[in-house]
Protein chains: 2
Amino acid sequence: MNVQEKVFTDQQEKMARYSKALGHPVRVFIMDFLLKNADKCCYSGDMAEELPIARSTLSQHLSELKAAGLIQGEINPPYIKYCINKAGWAEAKELLDTFFYRK
Amino acid sequence: MNVQEKVFTDQQEKMARYSKALGHPVRVFIMDFLLKNADKCCYSGDMAEELPIARSTLSQHLSELKAAGLIQGEINPPYIKYCINKAGWAEAKELLDTFFYRK
DNA sequence: TCTTTGTTTCGTAATTAGACGAAATACTAA
DNA sequence: TTAGTATTTCGTCTAATTACGAAACAAAGA
């Protein structure tokens, strides 16, 4: 396999990945919800009640955010408690910060 | 037509729209490029030289960023000089800011 | 008038995203 | 063991995104 010329910087790639994850109103809503209730347990069902989408669709959005590293789920059957992934959140915050407030 | 219950706030909708626009490495690259060269004129061709994609594809990405309100193009045939749309950029910055640094 | 030039638009193909309902999962409680 | 519960996974469909090359455009210069 060839060593491919790199076109985008790591920052640009990551920036695009985090942005894409936040590129849907349901997923922005989820992040808002989790951040607002960072002290409590947040279950999928709590969010489902406020959203006009099928539970399976919500589950899909949750796993996209999880794959992007923005949230994590702690299994506690039959519930799953969701919360912010602090490392991912901090990285996204920093990336966005240097992107918008560049020197 | 019914008055539909609003599910997402304006902020959430806008947040998702701006994020989606930045959800591709080529578009992040374009923003970086325009911000870095804010003083100069930036033509499509200048960016095309650094990107491994067809010019028509680049043009598509440019018009997505334009549709999202993040950039604008001043026609100066046969060139088109692109630059940041300051109003959109400021709004995106503010949205991201309150999203990440909420109180 | 005919070329040339930089860029966009068009037509099209391949891939990914977003949505749903039905079925599966994994644990609790009866 | 059986039933119940919250959630996910699966299969499927439709729509949107990403990409390309060819053709169109609009002005400048020969």
Inset, instruction - List in chain and number order the residues that pass ring pair (Phe, Tyr, Trp, His ring centres under 6.0 Å) with B/Phe100, two or more places apart in sequence or in another chain; answer none if no residue qualifies. - result: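 Applying ring pair (Phe, Tyr, Trp, His ring centres under 6.0 Å) to B/Phe100 gives A/Trp89.
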Legend entry - Minimum side-chain heavy-atom gap A/Leu58-A/Ile30 below 4.5 Å: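 The answer is yes, as the side chains (C-beta and beyond) meet within the 4.5 Å cut-off.
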If I take atom [atom1] in residue [X] and atom [atom2] in nucleotide [N], what distance separates them, rounded to the nearest angstrom?
X       : N      : atom1 : atom2 : result
A/Ile53 : D/dT14 : CD1   : C1'   : 17 Å
A/Glu74 : C/dA26 : CD    : P     : 18 Å
A/His61 : C/dT16 : NE2   : C1'   : 14 Å
A/Lys81 : C/dC27 : NZ    : C1'   : 18 Å
A/Leu22 : C/dA17 : CG    : P     : 15 Å

Inset, instruction - Take nucleotides 4-10 of chain D nucleotide by nucleotide from the 5' end and write B, S or -, depending on whether a protein heavy atom sits under 4.0 Å from the base, only from the sugar-phosphate, or from neither. - result: -BBSBB-
Inset, instruction - Specify whether B/His61 and B/His24 have parallel, tilted or perpendicular ring planes, treating 30° as the upper limit for parallel and 60° as the lower limit for perpendicular. - result: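 Ring orientation of B/His61 relative to B/His24: tilted.
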Legend entry - B/Lys20 side-chain proximity, nearest of D/dA16, C/dA17, D/dG21: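 Given the options D/dA16, C/dA17, D/dG21, the side chain of B/Lys20 is closest to D/dA16.
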Inset, instruction - Using distance alone, with no hydrogens and no angle criterion, decide if A/Glu91 and A/Tyr18 have a side-chain donor and acceptor under 3.5 Å apart. - result: yes
Inset, instruction - Rounded to the nearest 0.5 Å, what's the gap from CD on A/Gln72 to SG on A/Cys83? Could you check? - result: 4.5 Å
Inset, instruction - Starting at CD1 of B/Ile84, measure out to CZ of B/Phe33 and round the result to the nearest 0.5 Å. - result: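 If I round to the nearest 0.5 Å, the distance is 11.5 Å.
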